S.K.: 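Quick one: structure below, then a few questions.
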Amino acid sequence: MAIPLTDPRQNAALARGEHDNPFAYLGPHRLGKRTWVLRVFRPGVDAMTMLPGHKRLRPVSLQAETDGLFAARLRAEPGAYRLRVSNAADIWEEEDPFRFGPVLGEMDRYLLSEGTHLELWKALGAHLLVREGVAGTHFAVWAPNARRVSVVGDFNHWDGLRHPMGRCGSTGVWEVFLPGVPAGARYKYEIRASDGTVLPLKADPVGFGAERPPATASVVRDLGAKQWKDDEWLDRRGTTSRPDRPIAIYEVHLGSWRRANNGARPLSYHELAEQLVPYVHNMGFTHIEITPVSEHPFDGSWGYQPVGLFAPTSRYGTLDEFRDFVDACHTAGLGLILDWVPGHFPSDVHGLGCFDGTALYEYADPREGTHRDWGTSIYNYARHEVRNHLIANALYWLKEHHVDGLRVDAVSSMLYRDYSRPEGEWVPNVEGGRENLEAIAFLRRMNEVVYGHCEGVATFAEESTSFPGVSRPTDAGGLGFGFKWNMGWMNDTLDYMRRDPIHRKHHHHQMTFGISYAFSENFVLPLSHDEVVHGKGSILARMPGDEDERFANLRAYFAFMWCHPGKKLIFMGQDFAQPGEWNHASSLDWHLLEEPRHRGVRKLVSDLNHLYRTTPALHELDCEETGFEWIEADAAEESLYAWIRRGRGETAPVVVVCNFTPVERAPLRLGVPAAGIWAERINSDATEYGGSGRGNLGSVQSEPVEYHGRSDSIEIGVPPLSTLIFELKR
């Protein structure tokens, strides 16, 4: 009695879209000692013929079974066959995906099952392949609790019945190779949950491209196409991100730095390479930091609610065009820092939320898994596959896109389980405390992996609490970041600067307090996008006084900042004193550079950058107490501050004097650390910066007059609302 070619139960499972092991049933399979069976599931066609790869074999017509299942008995293994398919309207040839079998090998499977695949993007996602001479795309996605997963797209009319995926052992991963699917193809995953529910179509969590929002499909992109030109930069970039090197960061939202077509559209990655990169280079910054470019559905999130962590946003171009932008940064000698968001993700239905019908990427309990402030979901850091997904994503940007650093967003919200939660609405850790021990372990491991696998890169923590050791190595009990944003310094100094000078004497300590902890971490002094949104106005708008005084205050503050210990960061627009609050949908007000005061601020920022980069005393010991010494910290009545910056060895010291009142201080005697000529390198009141031009004629000779406990001193004039920077001439 002949063995039946098909199993009615499996046929019905395919027709219902519930078959979870199509590789075991579809394609060619041995039926007996001398016979094979070929099964093809192809709904919506009338007839099918196998065109065998062996010349000695003849075409074989497949018998139509039930519910779109075709089958034929074969005398031998068919080899590299094709299918001739017909319906009432057409006849065509196509490949059978199920003749190729699984792609992922044993090592990939082992690492996936362990949740330790550090190059996760090489196993999951959509990869262009050539198998047995046939070009196509291999799709793989993690959905361990799904009953069935299919890949859908333009290539199969978004029909989830046509291309069911196969389980990859016990990894929780589903995979299939689809011949003929090219780069640029749109796709999603159709997932049937364990309860039988078909979920909304999901974008690929490890997709390398995406449609331009508001469309939400993933797009097949070729990771191997880019020919990099930055070998020289990569060889030396380790010298650009150490605590003893100058780091001056220009933070940019790519969509609103400058816009094209009278503001109708943002610049492309290529246009940004041609316009933004030379601008930042000429301004003397060392790094560009960009707000998140991982694909995100909502423009108004500025990228901080990403859905596609592995996909550079299509708003500005393709994956390779983004890489060209990175290449342009490196050619210009600029590092590129990427804002990275491992703390939460949005609830958009095509995203990670309940990805396979369960709380897969997020905590199930809303007391752990929901951000109250942002209405987003929190990653489940207790799950090793989720931790691995995030750590691999960090490596992906650094390795595949040559990014030089990651600024990790909202670290404070990750560290504490009670972050922005009232009593009774958070879950204590296993020790009964408020720290999120799993998130802390994740951050430590992320930093260990990043620094261990990518030479010369740096990580930056946006962390606003007093959590100890954020930038301390993990083997010393720290979190392992390279740098930490100094949010306390930013809040204190901006609060001081917004006050009328007549009241500043009562808040004198706000400008000095930062030194008391300046060397407890490797700090970055940030004036970021967060300081020019949500009704805060611009930095210029916070300065008191009439128009001239506001600009003078800002110039004095910038010079104070550039001479204070810590690396520097300002957000775009601050470089020329944009007066209005930042709008993510509009260009910066570049026309303001027609006005001398705005040009003056830009000139000052540029000169500060160049002085900072070329003066070791201003950066070499940024993170060490020996690099700083007060000359005058207690002149509250005069709102006057003076200090010394030092570098290593015989480096010429720098003396800084700040006057935050509208009253000139002249003559002012100041003790200095050495005798000689002190060159006035920067005077924020210089006419070229839009000031009055009062100063010290370029230099001043010290005198052997004891003052401020020092054997030598200088007598200078300090203009109103100004900062002066002197360097000892060797």
Side-chain angles (χ1 to χ4, degrees), residues 248 250 258 279-280 282-285 493-494 496-501 504 511 527 531-532 537-564 568 570-582 587-613 618 639-641 656-666 668 679-699 716-727:
Y250 189 67
R258 183 177 286 156
Y279 176 84
V280 177
N282 292 336
M283 285 292 293
F285 289 95
T493 60
L494 281 180
Y496 176 91
M497 292 303 301
R498 72 175 177 82
R499 297 179 184 277
D500 189 297
R504 285 175 175 170
M511 300 296 268
L527 295 178
E531 307 319 310
V532 291
S538 67
I539 302 297
L540 176 66
R542 297 189 208 185
M543 301 295 138
D546 61 26
E547 197 73 357
D548 284 333
E549 289 173 335
R550 289 169 61 215
F551 276 88
N553 270 296
L554 181 64
R555 294 192 303 266
Y557 179 55
F558 277 164
F560 165 86
M561 172 183 176
W562 255 255
C563 295
H564 192 285
K568 324 303 173 189
I570 64 171
F571 185 57
M572 63 183 199
Q574 295 172 18
D575 45 312
F576 60 86
Q578 173 150 315
E581 189 169 275
W582 170 53
S587 171
L588 296 180
D589 296 328
W590 293 102
H591 64 277
L592 293 174
L593 287 170
E594 298 173 6
E595 300 180 14
R597 282 183 296 220
H598 291 280
R599 287 201 307 272
V601 171
R602 185 169 70 168
K603 170 67 172 167
L604 173 64
V605 171
S606 177
D607 286 355
L608 286 170
N609 275 332
H610 286 95
L611 178 66
Y612 169 66
R613 294 177 65 169
L618 291 178
S639 297
L640 194 77
Y641 307 85
V656 185
V657 189
C658 300
N659 174 15
F660 288 115
T661 67
V663 178
E664 183 174 11
R665 305 296 176 185
L668 176 72
E680 190 177 65
R681 299 294 304 276
I682 294 283
N683 176 353
S684 70
D685 193 50
T687 55
E688 60 184 331
Y689 305 140
S692 67
R694 286 170 285 188
N696 298 278
L697 301 177
S699 66
I716 59 175
V718 186
L721 300 172
S722 70
T723 293
L724 308 182
I725 305 171
F726 296 91
E727 183 182 21

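What you see is a predicted model, and the numbers here were worked out from it, not measured in a lab. Start at 1 with the first residue, then count along the sequence.
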S.K.: Atom CG of Leu592 and atom CZ of Arg602: how far apart are they, to the nearest 0.5 Å?
M.R.: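 Rounded to the nearest 0.5 Å, the CG-CZ separation comes out at 11.0 Å.
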S.K.: In Å and rounded to the nearest 0.5 Å, what is the OG to CH2 distance from Ser538 to Trp582?
M.R.: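 Interatomic distance, Ser538 OG to Trp582 CH2, rounded to 0.5 Å: 14.0 Å.
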S.K.: Is there side-chain contact between Gln574 and Val532, with heavy atoms separated by less than 4.5 Å?
M.R.: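 Yes. Closest side-chain heavy atoms under 4.5 Å.
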S.K.: Distance alone, cut at 3.5 Å: any donor-acceptor contact between the side chains of Asp607 and Tyr689?
M.R.: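 Per modelled atom types, Asp607 and Tyr689 side chains form a pair under 3.5 Å.
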S.K.: Phe285: which residues meet the ring pair (Phe, Tyr, Trp, His ring centres under 6.0 Å) condition with it, sequence neighbours left out?
M.R.: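 So Phe285 forms a ring pair (Phe, Tyr, Trp, His ring centres under 6.0 Å) with Tyr250.
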S.K.: Would you compute the distance between atom CG of Leu668 and atom CG of Asn659 and round it to the nearest 0.5 angstrom?
M.R.: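 That separation rounds to 8.5 Å.
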S.K.: What closest approach, in Å, do Arg499 and Pro544 show between heavy atoms, and which atom pair accounts for it?
M.R.: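 Answer, listing the atom of Arg499 first, then Pro544: O-CG, 3.2 Å.
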S.K.: By side-chain hydrogen bond (donor to acceptor under 3.5 Å, both in side chains), which residues pair with Asp548, not counting sequence neighbours?
M.R.: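 For Asp548 the side-chain hydrogen bond (donor to acceptor under 3.5 Å, both in side chains) partners, ignoring immediate neighbours, are Arg597.
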S.K.: Mind checking whether Ser699 and Glu680 have side chains closer than 4.5 Å, heavy atoms only?
M.R.: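 No, their side chains stay 4.5 Å or more apart.
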S.K.: Please work out whether the ring planes of Phe576 and Trp590 are parallel, tilted or perpendicular, with thresholds of 30° and 60°.
M.R.: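 Geometry flag for Trp590 against Phe576: tilted rings.
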S.K.: Using atom types as modelled and distance alone, determine if a side-chain donor or acceptor of Ser684 lies under 3.5 Å from a backbone N or O of Thr723.
M.R.: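 Present.
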S.K.: Name all residues meeting the side-chain hydrogen bond (donor to acceptor under 3.5 Å, both in side chains) criterion together with Arg681; count only those two or more places apart in sequence or in a different chain, and write none if there are none.
M.R.: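 So Arg681 forms a side-chain hydrogen bond (donor to acceptor under 3.5 Å, both in side chains) with Glu727.
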S.K.: Between Met561 and Leu527, is there a side-chain heavy-atom distance shorter than 4.5 Å?
M.R.: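 Touching, per the 4.5 Å side-chain cut-off.
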S.K.: Can you list the steps and then say if Leu724 with Val656 is a side-chain contact (heavy atoms from CB on, under 4.5 Å)?
M.R.: CA-CA 6 Å; Leu724 308 182; Val656 185; over 6 Å; no
S.K.: In the structure I gave you, are the side-chain heavy atoms of Ile682 and Leu604 within less than 4.5 Å of one another anywhere?
M.R.: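 A side-chain contact under 4.5 Å exists here.
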S.K.: When rounded to the nearest 0.5 angstrom, what is the spacing between CZ in Arg555 and CG in Asp685?
M.R.: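 Going from CZ on Arg555 over to CG on Asp685, the span is 6.0 Å.
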S.K.: Which residues satisfy the ring pair (Phe, Tyr, Trp, His ring centres under 6.0 Å) test with Phe551, sequence neighbours excluded?
M.R.: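 Ring pair (Phe, Tyr, Trp, His ring centres under 6.0 Å) check on Phe551 returns His598.
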S.K.: If the condition is side chain to side chain contact (heavy atoms under 4.5 Å, CB included), which residues does Thr687 pass it with, not counting sequence neighbours?
M.R.: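 So Thr687 forms no side chain to side chain contact (heavy atoms under 4.5 Å, CB included) with any residue.
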S.K.: Look up atom SG in Cys658 and atom CG in Leu721, then write down how far apart they are to the nearest 0.5 Å.
M.R.: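 Result: 11.5 Å between the selected atoms.
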S.K.: With a 3.5 Å distance limit and no angle check, can you tell me whether Glu581 reaches the backbone of Gly537 through a side-chain donor-acceptor pair?
M.R.: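 At least one qualifying donor-acceptor pair exists.
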S.K.: Does the Asn696 side chain pair with the main chain of Ile716, one donor and one acceptor, at a distance under 3.5 Å?
M.R.: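 Absent.
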S.K.: Between atom CZ of Arg665 and atom CG of Leu640, what is the distance when rounded to the nearest 0.5 Å?
M.R.: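 CG of Leu640 is found 7.0 Å from CZ of Arg665.
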S.K.: Aromatic rings Trp562 and Phe558: how do their planes relate, parallel, tilted or perpendicular, breaks at 30° and 60°?
M.R.: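 Trp562 and Phe558: perpendicular rings.
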S.K.: With sequence neighbours excluded, what pairs up with Asn553 under the side-chain hydrogen bond (donor to acceptor under 3.5 Å, both in side chains) test?
M.R.: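 Counting only residues at least two positions away or on another chain, Asn553 forms a side-chain hydrogen bond (donor to acceptor under 3.5 Å, both in side chains) with Arg504.
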